[in-house]
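Residues: numbered from 1 along the sequence shown. Bear in mind that the values here come from a model prediction, so they are computed numbers and not experimental data.
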Amino acid sequence: MQPSSPWPPAAASPARRPPSKRGRRAGGRAERSKRPAEPKAAGIGAAVRDGKFTFTVTELERRERIGSDVIGADAQGVFLLVHVKVENIGDEAQTFMAAAQRLHAGGKQYEADSGASIYLDDAKSLYETINPGNVVKGVVLFDVPKTLKPETIELHDSLFSGGVRVSLS
């Protein structure tokens, strides 16, 4: 008969390794690791990709009113029109929706104004199905404070994509 062993078994002591010299400098203090800088957002005129779309922001424009004198919309602040070229690089049709796009400035996020977009001469930014290989030029419209300095626009190929940022400053 064998002697019984204690239950639960005693934890094995971890193997001791000599201290690593990596990440240390003279005097034994650990160096602070330097984080890589956030990648800088592409700017106006540069093509960027999110999912099945490539986007190129081509122009920014400000307007107090959209539409005609008879039918249109007045901005609460000012309308910021972001002109964008969207190409479907996928293998099937994909829908571009203005509602999926976001504007960032001063730590705040702004949604596209789809209601006012209907008064644009070319409202292709509202909801446009783009077939593979085709390119559509449209406008994403934001109603923002008059003094706002837009920083980036976050462009998405769908409501659920990760998005890609383009610098507007």
Side-chain angles (χ1 to χ4, degrees), residues 23 31-169:
E31 288 184 35
R32 294 178 193 217
S33 62
K34 292 183 180 178
R35 285 187 167 180
E38 291 268 335
K40 197 168 187 178
I44 295 173
V48 294
R49 178 182 176 174
D50 181 56
K52 304 296 181 193
F53 284 156
T54 58
F55 301 95
T56 305
V57 174
T58 58
E59 179 186 355
L60 294 180
E61 181 182 356
R62 290 178 182 262
R63 290 192 200 167
E64 300 281 328
R65 181 172 174 78
I66 297 296
S68 69
D69 291 337
V70 178
I71 295 180
D74 292 314
Q76 294 170 355
V78 66
F79 289 121
L80 179 68
L81 289 72
V82 181
H83 296 260
V84 64
K85 183 170 72 170
V86 184
E87 180 180 4
N88 182 341
I89 58 171
D91 297 330
E92 58 190 28
Q94 179 88 4
T95 303
F96 175 76
M97 295 177 286
Q101 317 316 314
R102 303 284 181 262
L103 181 74
H104 297 271
K108 297 178 182 172
Q109 178 174 290
Y110 299 85
E111 293 188 11
D113 188 339
S114 298
S117 292
I118 62 172
Y119 298 110
L120 288 170
D121 293 335
D122 183 10
K124 287 191 176 185
S125 61
L126 275 179
Y127 189 86
E128 183 76 15
T129 300
I130 307 170
N131 280 314
N134 284 346
V135 177
V136 169
K137 292 180 182 177
V139 176
V140 182
L141 179 75
F142 298 92
D143 190 344
V144 298
K146 289 182 180 186
T147 59
L148 184 85
K149 291 185 171 112
E151 294 168 5
T152 60
I153 186 169
E154 187 176 319
L155 299 165
H156 295 265
D157 85 333
S158 73
L159 291 170
F160 307 106
S161 72
V164 62
R165 287 194 182 199
V166 174
S167 175
L168 301 176
S169 52

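- Across all their heavy atoms, F79 and A73 have their closest contact at CE1-O, 3.4 Å.
- To the nearest 0.5 angstrom, L155 atom CG is 11.5 Å from R102 atom CZ.
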Does the side-chain contact (heavy atoms from CB on, under 4.5 Å) test come out yes or no for V140 and F96, once each step is laid out?
-> CA-CA 11 Å; V140 182; F96 175 76; 3.9 Å; yes
Step by step, work out the side-chain contact (heavy atoms from CB on, under 4.5 Å) result for V86 and V135.
-> CA-CA 6 Å; V86 184; V135 177; over 6 Å; no
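- Residues L120 and I66 come closest through the heavy atom pair N-CG2, 3.8 Å.
- Between the CD atom in Q94 and the CD atom in E92 there is a gap of 7.5 Å [rounded to 0.5 Å].
- Sparse packing is recorded around CD of Q76, with 12 or fewer heavy atoms of other residues, nucleotides or ligands lying under 6.0 Å away.
- L159 CG: more than 12 foreign heavy atoms inside a 6.0 Å radius.
- Formation of a donor-acceptor pair under 3.5 Å by the D113 side chain with backbone atoms of S117 is not found in this model.
- For N88 (side chain) and I130 (main-chain N/O), a donor-acceptor pair under 3.5 Å exists by modelled atom type.
- The two residues Y127 and M97 make their nearest non-hydrogen contact at CD1-CG, 3.5 Å.
- Counting heavy atoms from C-beta on, the side chains of E64 and V78 come closer than 4.5 Å.
- Side-chain contact between P145 and Y110 is present, with at least one heavy-atom pair separated by less than 4.5 Å.
- Closest heavy-atom contact between P132 and A93: CD-N, 3.8 Å.
- Of the possible donor and acceptor atoms, one in the side chain of Q101 sits under 3.5 Å from a partner among the backbone N and O of H156.
- Looking at heavy atoms from C-beta onward, I153 lies in side-chain contact with F142 at the 4.5 angstrom threshold.
- Between the CZ atom of R62 and the CG atom of L81 there is a distance of 10.5 Å, given to the nearest 0.5 Å.
- Across all non-hydrogen atoms, the minimal contact from G163 to D50 is N-OD1, 3.0 Å.
- Expressed to the nearest 0.5 Å, how far OG1 of T129 lies from CG of N134 amounts to 11.0 Å.
- To the nearest 0.5 Å, atom CG of residue L80 and atom CG of residue L148 are 7.5 Å apart.
- With values rounded to the nearest 0.5 angstrom, T58 atom OG1 is found 8.0 Å from K85 atom NZ.
- The minimum heavy-atom distance linking P150 with L103 is given by the pair CB-CD1, 4.0 Å.
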